[in-house]
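Structure first, commentary second.
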There are 2 protein chains.
Amino acid sequence: MSAPPRITSLDVARLAGVSQSAVSRVFTPGASVAPKTAAKVRAAAKTLGYRPNSLARAMITGKSRIIGLVVAYLENQFYPVAIEKLGHALQAQGYHVLLFMASNTEGEMERLVEDLLAYQVDGIITASVAISNDVTRRCSDAGIPLVMFNRGQPGSGLSSVTSANALGGRKVAQFLLAGGHRRIAHISGWQGASTGRDRARGLIEGLAEAGQQPHAIIDGMFDRDTAADAARTLMDGADPPDAIFVGNDHMAFAVMDALRAMGLDVPRDVSVVGYDDVPMAAWGAYRLTTVRQPLMRMVEATVETLLAQIDTPDRAAQSIEIDAPLIRRASARCPEGDTDAGL
Amino acid sequence: MSAPPRITSLDVARLAGVSQSAVSRVFTPGASVAPKTAAKVRAAAKTLGYRPNSLARAMITGKSRIIGLVVAYLENQFYPVAIEKLGHALQAQGYHVLLFMASNTEGEMERLVEDLLAYQVDGIITASVAISNDVTRRCSDAGIPLVMFNRGQPGSGLSSVTSANALGGRKVAQFLLAGGHRRIAHISGWQGASTGRDRARGLIEGLAEAGQQPHAIIDGMFDRDTAADAARTLMDGADPPDAIFVGNDHMAFAVMDALRAMGLDVPRDVSVVGYDDVPMAAWGAYRLTTVRQPLMRMVEATVETLLAQIDTPDRAAQSIEIDAPLIRRASARCPEGDTDAGL
DNA sequence: GCGGGATGTGCATACGTATGCATCCAAGAC
DNA sequence: GTCTTGGATGCATACGTATGCACATCCCGC
């Protein structure tokens, strides 16, 4: 039942009547082995139930084929779906994902980095905006390739993959203006993160191009409660907005819930636009007009960049931005006779 | 920038003027080291930036301190949140999570098991209903402790942690009957999974105790589209139900969306009850009455069981069921003057 | 028939750490 | 003072694999 006898390449070698090296070569793609011996070895391996020990292999080659994936709050649906795609993409490339849950406490971050290095990960993906700058810095200082997913860190010399957040913000501005909105408020993403800042900047610039400026801006901190409070504050004011651009879908749902709880109709009383296009945005309860982050393309760019950096250590870091289209649904009033061609 | 010089315990030993064994002992809790040498070693380690190599350690000890976590579709919010909690709990115990995304294709399953074994994981948690039986069997055949999270496999001799699904189904039956419903339909979870079957059985038994039987039962396959279709079929029929118990929250949201799209009001026209109590169930758009799976307790039971099995290989498997309370919200008509004391 | 390249195989070693064993030293008991 | 005891340390080895090197073998062309 228990006490499984460890089967090693040596056991297989003995049974097959070859050397341990031969066994190793059979399981090493591209090694030189005669078809006949390969067959013998595979047969022996099968009868014994032998599997090459990845850890031992990692010691020799210096490559663990493990990618450290650092995430935080998974309640925002964007990240679970991203993890799923990242996991599949990496598995397809023969890599595996060691998952690290990031807490916010300083001591935890310390341990996180320790563990990341201790397991000899070949590369790191940080998939959460909430990860502090010094964590990324220390990992890359240790010489481990790192890509930030859905977050940038300007001037850090670190690779990142995001959507074109500023441009996305502009698109929202243009779309809302074209829809006749004139009091456009913004419940922003956390301003400590590039993602939050860029989207806000884009909106502001987009409005400025039309000679307008935001009706109000409140930092929603990527948090549901904070965003809902912000929405109530905005609508209770003397001069409520006629549209709210929310920094991500996760908050936008909370905002819509709060607005409806106030007896307001979306979009008749106020338009709401989100950012991300998580699956839930398409669900009947919200039908959220939002900016779509092209998840598959972001994932592909992320693993491509990371693997390239692993293969070529001295490669320069790159910051990739992927265009994010606006998806019109039912939460925002649309321009008259609007078609997709407009943007 | 690149080419990070690998710092080994030997480097530290040389700098500290001690043997490599001494360095090892300093980083091995419970080993016998003089405080003075420990200080020297730690100092040397710090200046060199030394971190013990977990992989090399794993080779010697035979314990990788890695847990394989197998998951599938992360769109159902229950699993991301579970992963988050599982990850934290395991990290707190000094374990780490190697994440495996399960596909459905046969070949992928094969590779999955190979990889799981190759990385010498100390234990396995399967956190998805959709994982085929032979995967779990082959892993446990290999002598690796395994716990199924949110799924049972009766008669398999494998450990599992679930909520008391059958009892939960009964609670729903009693609650709906008390609320005056008489045509209670069920859009069940996938009947290939114990979770889906037990909840359905509980409902049926609960109704039977009152001399009733289900108005209709349709397998929703844990899938949004399938569930939505089922809801439309039910309501379009000649004799529509006055209540629908849906096999999990994920489908329940789809059902509510579908019902509303048909112009029906929940709960005035029809009551809806879910199962899981994912965070979204409390959101304003749904306010779903549902059975709460006590996630923290399930997670604690899972890691406790798994670690016990790792420490004591010959330990008997156990199937743990945790009581799941019904959470009353706004999606189902409540019994007159109902209080929580009733159930 | 012989030389030479190509191909396949075994030997030995290395990766970085943990640990049994022997040794050594200091402290304490008498 | 010696003997004992126990803690601290070093030496050597083992974990399971990959790979450079040397060598054996084979085949082909001349």
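Given the structure is predicted, the values throughout are model-derived calculations rather than measurements. Here is how names work: the chains are called A, B, and so on, in the same order as the sequence lines, proteins then strands, and each is numbered from 1.
- Of all non-hydrogen atoms in B:Ser194 and B:Gly152, the two that sit nearest each other are OG-N, 2.7 Å.
- Rounded to whole Å, the distance from NZ on B:Lys36 to C1' on C:dA26 is 13 Å.
- Listed by chain and number, the residues in a side-chain hydrogen bond (donor to acceptor under 3.5 Å, both in side chains) with A:Gln93 amount to none (sequence neighbours excluded).
- Ring geometry for B:Phe78 versus B:Phe149: interplanar angle under 30°, hence parallel rather than tilted (30 to 60°).
- B:Gln20 CD: more than 12 foreign heavy atoms inside a 6.0 Å radius.
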Checklist line | Intermediate values then yes/no, ring-ring contact (aromatic ring centres under 6.0 Å, His included), A:Tyr73 and A:Phe222 | finding: CA-CA 10 Å; A:Tyr73 298 108; A:Phe222 288 131; over 10 Å; no
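- Between the side chain of B:Thr302 and the backbone N or O of B:Val161, no donor-acceptor pair lies under 3.5 Å.
- Here the shortest heavy-atom pairing between B:Ala317 and B:Gly157 reads CB-O, 3.1 Å.
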Where do N or O atoms of nucleotides 4-8 of chain C meet protein N or O atoms at under 3.5 Å, pair by pair?
from	atom 1	to	atom 2	distance (Å)
C:dG8	OP2	A:Ser32	OG	3.0

With B for base contact, S for sugar-phosphate-only contact and - for none (protein heavy atoms under 4.0 Å), nucleotides 15-21 of chain C reads BBBBBB-
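- Of all non-hydrogen atoms in B:Gly68 and B:Leu116, the two that sit nearest each other are CA-CD1, 4.0 Å.
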